[in-house]
There are 2 protein chains.
Amino acid sequence: MTRQRDAVRDALGTAEAFRSAQELHDQLRHQGISVGLTTVYRHLQQLADTGEVDVVRTANGEAVYRRCAAQDHHHHLVCRSCGRSVELSADEVEDWADRIAQTHGFSAVTHTVEMFGVCADCAAAPERIQD
Amino acid sequence: MTRQRDAVRDALGTAEAFRSAQELHDQLRHQGISVGLTTVYRHLQQLADTGEVDVVRTANGEAVYRRCAAQDHHHHLVCRSCGRSVELSADEVEDWADRIAQTHGFSAVTHTVEMFGVCADCAAAPERIQD
DNA sequence: TTATCTGCAAACATTTTGCAGCGAG
DNA sequence: CTCGCTGCAAAATGTTTGCAGATAA
């Protein structure tokens with residue numbers, strides 16, 4: 001509803017990459033759009049709560065965000081180099097998870113499945129690898 | 001090789017629960033064993049590097065540690081209430097992951113699969129739920 | 001106008017690092 | 001004796017919160 005909220009949504013855009021709050025903040029500043037880092041965090045959290053963006057924790061504990069095409073439950077294959085990601089749906093894995101949970105008597109079970117690798121483009125241009 | 005290193009290893013013990021560096025530090029202090037928090041962090045990191053302990057990131061970004069029976073690649077089903085976990089091996093998921101990675105042209109692919117739920121014991125005693 | 005949103009500064013929590021001293025080999 | 005290990009204090013990092021002023025409806 002406000003200029004900043006739209007700015008954060010637009011910053012996420014339709015890009016396939018997961019990006020951190022700070023990266024998004026930098027991006028907006030570079031675009032000449034003045035938004036406080038606090039506000040970026042607040043809107044990302046809100047968007048995540050409504051399920052409009054997905055959040056993944058990187059290995060070092062940083063939260064990275066992406067607006068996904070799929071609204072329903074899915075997973076990601078993320079490029080370590082450029083951050084680009086592919087959305088995956090995996091009935092095979094869902095079935096496995098349900099079965100395992102039942103076998104061990106667990107209830108209210110959720111799961112996270114994230115894959116990290118190097119995409120074909122980045123493998124062809126190794127000098128760009130930065131993570 | 002030192003008293004503190006053994007203390008950290010022993011603190012992890014053979015418990016099935018994942019615990020944070022700070023919890024382990026508190027535990028040692030309560031046992032009357034004086035170890036600096038810094039040292040706990042350093043040894044946990046070292047043990048994680050050698051694969052002797054597994055690390056999982058909780059939803060809020062905290063790192064939790066566990067010494068696993070299985071040394072090779074596996075996953076976990078973790079109880080949100082008591083932290084107890086079950087080690088899982090999942091050829092089904094490994095195969096799926098390999099196939100997906102190949103399909104999308106990714107290389108050097110790793111994956112994380114973690115399941116969180118409430119174990120049968122905790123479901124029977126809901127008042128203990130704390131997370 | 002009036003409730004909400006913003007953004008600075010400060011608080012927070014977790015983890016890492018600098019450095020002087022201790023302890024093991 | 002020497003070099004690595006320890007642990008305090010301080011820094012670094014990523015994120016959240018208090019609050020006064022700006023802004024949208």
Side-chain angles (χ1 to χ4, degrees), chain A residues 1-12 17-50 52-67 78 80 83 112 114 116 130-131, chain B residues 1-12 17-50 52-67 78 80 83 112 114 116 130-131:
Chain A
M1 309 210 170
T2 67
R3 179 178 63 79
Q4 289 91 340
R5 181 192 165 85
D6 289 341
V8 172
R9 273 186 55 124
D10 290 352
L12 283 162
F18 277 89
R19 275 166 304 167
S20 68
Q22 319 225 22
E23 283 169 341
L24 291 164
H25 181 242
D26 284 352
Q27 177 185 322
L28 288 167
R29 299 277 306 229
H30 280 54
Q31 289 173 8
I33 300 166
S34 174
V35 181
L37 179 57
T38 305
T39 303
V40 174
Y41 272 110
R42 280 199 273 239
H43 283 301
L44 286 174
Q45 185 174 291
Q46 188 179 310
L47 290 165
D49 286 347
T50 65
E52 208 170 324
V53 306
D54 275 27
V55 192
V56 172
R57 289 262 171 194
T58 64
N60 57 26
E62 200 181 23
V64 289
Y65 304 83
R66 174 186 166 177
R67 199 133 73 91
V78 185
R80 257 193 293 274
T112 65
E114 301 297 338
F116 298 92
Q130 50 201 264
D131 267 39
Chain B
M1 308 208 168
T2 67
R3 180 179 62 80
Q4 289 89 342
R5 182 192 165 85
D6 290 341
V8 171
R9 273 185 55 123
D10 290 353
L12 284 162
F18 277 89
R19 275 164 307 164
S20 69
Q22 319 227 23
E23 281 169 343
L24 290 163
H25 180 244
D26 283 354
Q27 177 186 322
L28 287 167
R29 299 277 306 230
H30 280 55
Q31 289 173 9
I33 301 168
S34 174
V35 181
L37 180 56
T38 304
T39 302
V40 173
Y41 272 110
R42 280 199 271 239
H43 283 301
L44 285 173
Q45 186 174 291
Q46 187 178 311
L47 290 165
D49 286 347
T50 66
E52 209 171 326
V53 307
D54 276 29
V55 192
V56 172
R57 288 266 171 194
T58 63
N60 57 28
E62 199 181 23
V64 289
Y65 305 82
R66 174 187 168 176
R67 198 134 74 90
V78 185
R80 257 194 292 275
T112 65
E114 301 297 338
F116 298 91
Q130 50 201 265
D131 267 40

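Protein chains get the first letters and strands the later ones, always in sequence-line order, with residue 1 at the start of each.
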Item to check | Shortest non-hydrogen contact from B:Val40 toward B:Ala21 | outcome: CG1-O, 3.7 Å
Item to check | Side-chain N,O (B:Gln45) to OP1/OP2 (C:dT16) below 4.0 Å | outcome: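 So the side chain of B:Gln45 is within the cut-off, an N or O lying under 4.0 Å from OP1 or OP2 of C:dT16.
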Next on the checklist: So, does B:Tyr41 get its side chain near the phosphate of C:dT16, meaning an N or O under 4.0 Å from OP1 or OP2?
Outcome noted: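 So the side chain of B:Tyr41 is outside the cut-off, no N or O lying under 4.0 Å from OP1 or OP2 of C:dT16.
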Checklist entry - Under the 3.5 angstrom rule, does the side chain of B:Arg19 hit a backbone N or O of B:Gln27 as a donor-acceptor pair? => result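 Pair absent, no side-chain N/O of B:Arg19 close to backbone of B:Gln27.
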Item to check | A:Ala59 backbone acceptor or donor facing B:Arg57 side chain under 3.5 Å | outcome: yes
Please report the distance, rounded to the nearest Å, between [atom1] in [X] and [atom2] in [N].
X: B:Leu24; N: C:dT14; atom1: CG; atom2: C1'; answer: 14 Å
X: A:Arg57; N: C:dT15; atom1: CZ; atom2: C1'; answer: 14 Å
X: A:Glu62; N: C:dT15; atom1: CD; atom2: C1'; answer: 14 Å
X: B:Leu44; N: C:dT16; atom1: CG; atom2: C1'; answer: 14 Å

Checklist entry - What string of B, S and - do you get for nucleotides 5-12 of chain C, 5' to 3', when a contact is any protein heavy atom under 4.0 Å? => result SBBBB---
Item to check | Given B:Arg42, B:Arg67, B:Arg5, the one that forms side chain to side chain contact (heavy atoms under 4.5 Å, CB included) with B:Leu47 | outcome: B:Arg5
Next on the checklist: Here's a test for you: under side chain to side chain contact (heavy atoms under 4.5 Å, CB included), which of A:Thr58, A:Leu24, A:Leu44, A:Val55 qualifies with A:Val64?
Outcome noted: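 Among A:Thr58, A:Leu24, A:Leu44, A:Val55, the one that satisfies the side chain to side chain contact (heavy atoms under 4.5 Å, CB included) with A:Val64 is A:Thr58.
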Next on the checklist: Are A:Val56 and A:Phe116 packed together at the side-chain level, in the sense that at least one heavy-atom pair is separated by less than 4.5 angstrom?
Outcome noted: yes
